[in-house]
Amino acid sequence: MKFVVLAGIFLVLPGACAPVAPYCASWPEGATPVYLVDRGWHTEIGIPARALDGPLGVYRGIFPGAATIMFSYGKKTFFTAPASSVQEYLIGPFPGPAVIQAIGLTTTPPDAYDAERIIVLPISDEGVRRLSAFIWNDLAVRAGSPRLIAVRHHPDSLFYAARSPYNLMHTCNGWVADALRAAQVPISARGVVFAGQVMARGARAERRMCSASDDARHALTLLFRDRCRICSVE
C-alpha cells in the first residue's frame, strides 16, 4: 500500500512548486554554466560539451556538433519504454536496474526548452571535473565505453546501463541532486523524490552561489576603492 500511495503522489505532483529560474546578476569569473532542467516528472543536468572532463568526454564523439549534453537517470523498464497504462505507472517506483539517459543538444537548454523551468548554476573547473567523474563512475562500462542498451527518438536519446540500482531512496531526482552535490553545489538529496523538490533546492543553491560571488566582487570593489583613496591622499 505504501508503494501505491507513493506512486499516486508521484503522478499527481511531478513538478509541483517548480520555481521560475533565477540567474546570477554577475557571473562568477571562470565559472561554467551547468543547467538544471525541470522536465515535468523528472529533472536533467545539462553540461556544455566542451566542458566534459576525463573519460566522459567520449560524448563529444557520440554527439558530434552538440553544444550541450543532457544527462538524467531512471528505472530501466520505466525510462526506456514510457508507461502506457495506470498499472505500469504504479509499478514504476519499485526497485530495479537503472539507466542513464544522454541527449545531445545543438544549442543551450534555455533555447531548447522552457527557460522558466531552467536554473543555471555557476560551476568551477573543479566542480565540473567532479560532476563528470560522478556521471562516468555510475555508467556501466564495457571495453572502455559506456554500455548502450536502448535508443529512443523524439527527442533522440541514448540509454546506458547504470551501475547503481533504482529504488525509492535513490530516484531519478535524487540522482540529479547527488550529481550536483558532487559538483560542489550546496544542495542535499535527502528526502528528494519529486522534480519540484530538486528545482526548489537548486534555486536556493543558485542564490547562495551567486550571492557569494556578488559578495566577493563587492569586497574587491571596496578594497580597490580604499586603495585608490590612500593613493590620492599620498
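All values reported here derive from a predicted model rather than from experimental measurement.
The aromatic rings of Trp175 and Tyr73 sit parallel to each other, their planes meeting at less than 30°, with 60° as the upper class boundary.
For residues 128-143, the salt bridge (Lys or Arg N to Asp or Glu O under 4.0 Å) pairs, not counting sequence neighbours, are Glu126-Arg129, Glu126-Arg130. Pairs of residues two or more places apart, or lying in two chains, never qualify as salt bridge (Lys or Arg N to Asp or Glu O under 4.0 Å) while including a residue from residues 170-190.
The two atoms that bring Pro109 and Val37 nearest to each other are CB-CG2, 4.0 Å, heavy atoms only. Closest approach of Glu206 to Val120, counting heavy atoms only: CG-O, 3.5 Å. Heavy-atom minimum distance, Ala112 versus Thr107: CB-CG2, 4.0 Å. Looking at every heavy atom in both residues, Arg163 comes nearest to Asn137 through CD-O, 2.8 Å. In terms of heavy-atom proximity, Ala179 sits nearest to Ile45 at CB-CD1, 3.5 Å. Between Cys172 and Tyr166 the shortest heavy-atom distance is N-CE1, 3.7 Å.
Between the Arg147 side chain and the Val141 main chain, no donor and acceptor come within less than 3.5 Å of each other. Of the possible polar contacts, one joining the Gln197 side chain to the Gly191 backbone as a donor-acceptor pair under 3.5 Å is found. Using a distance-only test at 3.5 Å, with no hydrogens or angles considered, a donor-acceptor pair links the side chain of Asn173 to the main chain of Val193.
Between atom OG1 of residue Thr43 and atom CE of residue Met70 there is a gap of 9.5 Å, rounded to the nearest 0.5 Å. For the atom pair OG (Ser72) and NE2 (His42), the distance works out to 4.0 Å, reported to the nearest 0.5 Å. Here Arg208 contributes atom CZ and Leu121 contributes atom CG; the two are 12.5 Å apart, rounded to the nearest 0.5 Å. Note that NZ of Lys75 and OG1 of Thr171 are 13.0 Å apart. Values are rounded to the nearest 0.5 Å. The CG atom of Asp111 lies 10.0 Å from the CG atom of Leu105; values are rounded to the nearest 0.5 Å. Rounding to the nearest 0.5 angstrom, the gap separating the CG atom in Leu139 from the CD1 atom in Ile100 is 4.0 Å.
Applying the ring pair (Phe, Tyr, Trp, His ring centres under 6.0 Å) rule to Phe63 yields no partners; only residues at least two apart in sequence or on another chain are considered.
Proximity of the aromatic rings of Phe134 and Phe71 is defined here by a centroid distance below 6.0 angstrom, and this criterion is not met. Note: Tyr113 and Tyr35 fail the aromatic proximity criterion, with ring centroids not under 6.0 Å apart.
No side-chain heavy atom of Asp53 sits less than 4.5 Å from a side-chain heavy atom of Asp125. Glu44 is listed as a side-chain neighbour of Ile103, based on a closest heavy-atom distance under 4.5 Å. Annotation: side chain of Arg60 is not in contact with side chain of Ile69 (no heavy-atom distance under 4.5 Å). For the pair Ile123 and Gln184, the minimum side-chain heavy-atom distance is 4.5 Å or more.
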Just do the side chain to side chain contact (heavy atoms under 4.5 Å, CB included) check on Ile47 and Ile135 with the steps written out, would you?
CA-CA 11 Å; Ile47 309 173; Ile135 297 172; 3.9 Å; yes

